[in-house]
Amino acid sequence: MSEVFLQEQSYGKDRIRLVKVRVLLEGDFTAAYTKADNSLVIATDTMKNTVYILAKQSSNVQHIEVFATEIGQHFISTYSHVSKVNVWVTKHKWTRMLVNGNLHDHSFIRDGEDVRNTKVIMIKKAESKNTAVKIESGLKDLLVLKTTGSAFYGFLRDKYTTLTETDDRILSTSIDATWTFNTSNVSSISQIPYDDIFNSIRQITLDTFATDNSASVQATLYLMAKIVLEKFHEINSIHYELPNKHYFAYDLDRFGLKNSGKECDVYYPISDPAGLITATVARAEPKLRESDIHTENGDPIKAKL
Ligand SMILES: O=c1[nH]c(=O)c2[nH]c(=O)[nH]c2[nH]1
């Protein structure tokens, strides 16, 4: 038998239903896999209990990035053999009901299937007591449609191309977006206004979808990302995934009813296949200016940039 080795391992509890939390630990767990030695295994049941206890004790459970960071911090600092903690938190939408014109005290409605999520990764630094923290947040399944203000023409044509050009089409997509925070300054993590940033990115995404006279899903996606990065310096990059959910004109010309070009108003949605347009847009590293480069004694030096 050829030699095998344990290339990678992580384990934990999935779908802990609080706001929905998943915790995966990495560290000195090799013996549990290779020698059936459970002595260092923190039971996934213990992880589940811990998440509920931390939720009870936390004043920040509704702020998912802060709560996920608290969970990560707990596992990293409690167990010396845990080297890395991955925490995913998903929050579903429960909005206060409007009753007689007022927001109700204790009644909520699920107004939309889009969710908010975060992934926090904490890595123990071997050389110091510090931990490195990576935080990604996002939104998922934000379903949108516009009836006009979208075109697609001028694309490459060859012998395999049948798609007709259009200067007016329905555009529909289910938006997933993930943005990464600049957490190099660890002390500022709890100061980042996660909720404001989330609400604003969601609104920028919707506003851009609605108002951009779209030349393609690609161009609209890039515009959304550019506006987000210009507005929030706390964010290093943003990734969008936009399926192009096609709506095609139904062929009524066969029945003597004009339903194409400007007279098209009956469409049918196609569930599969859909286009899938994705991109990550990142902040470019600022270019060093000559005046920023110094020798060891502080004199500016000339360098080729
Ligand atoms: O916005 C679009 N981008 C494409 O790349 C594409 N391809 C396609 O068939 N329709 C579209 N629409």
Side-chain angles (χ1 to χ4, degrees), residues 90 93 111-117 119 136-180 197-232 235-255 257-284:
T90 303
K93 273 179 97 193
D111 65 338
E113 288 309 309
D114 55 309
V115 296
R116 175 173 170 184
N117 46 37
K119 178 183 181 188
E136 279 178 17
S137 290
L139 56 87
K140 197 167 161 35
D141 299 333
L142 183 61
L143 184 59
V144 290
L145 178 147
K146 65 197 274 189
T147 55
T148 187
S150 165
F152 188 58
Y153 54 83
F155 49 88
L156 184 151
R157 298 205 81 85
D158 62 16
K159 62 185 178 183
Y160 297 126
T161 309
T162 56
L163 186 69
T164 47
E165 300 198 336
T166 178
D167 60 2
D168 187 13
R169 64 176 182 175
I170 288 181
L171 183 60
S172 177
T173 184
S174 173
I175 301 171
D176 291 358
T178 310
W179 48 94
T180 55
I197 292 175
F198 172 85
N199 290 329
S200 182
I201 292 180
R202 189 174 183 278
Q203 200 55 50
I204 288 169
T205 302
L206 292 175
D207 291 352
T208 310
F209 177 83
T211 57
D212 181 37
N213 215 347
S214 174
S216 65
V217 178
Q218 286 90 331
T220 302
L221 179 162
Y222 186 72
L223 186 60
M224 292 170 175
K226 196 164 164 288
I227 297 173
V228 167
L229 288 174
E230 276 165 5
K231 178 147 188 199
F232 293 111
I235 291 173
N236 282 340
S237 64
I238 180 160
H239 176 80
Y240 275 105
E241 298 202 359
L242 304 186
N244 186 4
K245 294 176 154 293
H246 303 300
Y247 283 72
F248 291 146
Y250 198 75
D251 181 7
L252 291 176
D253 295 10
R254 297 172 293 174
F255 307 101
L257 295 166
K258 190 98 182 78
N259 193 46
S260 53
K262 295 257 173 287
E263 281 156 289
C264 180
D265 51 11
V266 177
Y267 296 84
Y268 65 106
I270 308 288
S271 50
D272 297 308
L276 180 61
I277 314 298
T278 79
T280 304
V281 183
R283 195 176 299 291

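First listed ligand is number 1; within each ligand, the first listed atom is number 1. The chain is numbered in sequence order, starting from 1. Computation of the quantities below employed the complete heavy-atom set of this structure, encompassing side-chain atoms and omitting hydrogens, waters and symmetry-equivalent molecules.
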Q218 heavy atoms, cut-off 4.0 Å: which ligand 1 atoms fall inside?
-> 1 (O), 2 (C), 3 (N), 4 (C), 5 (O)
among protein heavy atoms, the one nearest atom 9 (O) of ligand 1 is L163 CD2, 3.4 Å
Above 12 or not: heavy atoms from other molecules or residues under 6.0 Å from NZ of K245?
-> no
Report yes if R169 has an N/O atom closer than 3.5 Å to an N/O atom of ligand 1; otherwise report no.
-> yes
Under 4.0 Å from one or more heavy atoms of S216, ligand 1 contributes atoms 1 (O)
Should D114 and R202 count as an ion pair when the cut-off is N to O under 4.0 Å?
-> yes
Which residue owns the protein heavy atom closest to atom 11 (C) of ligand 1, what's the atom, and how far is it?
-> F152 CE2, 3.3 Å
Find all atoms of ligand 1 within a distance of less than 4.0 Å from any non-hydrogen atom belonging to N244, and give their numbers and elements.
-> 2 (C), 10 (N), 11 (C), 12 (N)
Should the pair W179 and F198 be assigned to parallel (<30°), tilted (30 to 60°) or perpendicular (>60°) ring geometry?
-> tilted
Could you check I201 against I238 for side chain to side chain contact (heavy atoms under 4.5 Å, CB included), going step by step and ending with a plain yes or no?
-> CA-CA 10 Å; I201 292 180; I238 180 160; 4.2 Å; yes
Between K146 and T148, is any side-chain donor less than 3.5 angstrom from a side-chain acceptor?
-> no
Under 4.0 Å from a heavy atom of V217: give me the atoms of ligand 1 that qualify, with their elements.
-> 1 (O), 2 (C)
Going by distance alone, is a donor N or O of one side chain under 3.5 Å from an acceptor N or O of the other, for T220 and D212?
-> yes
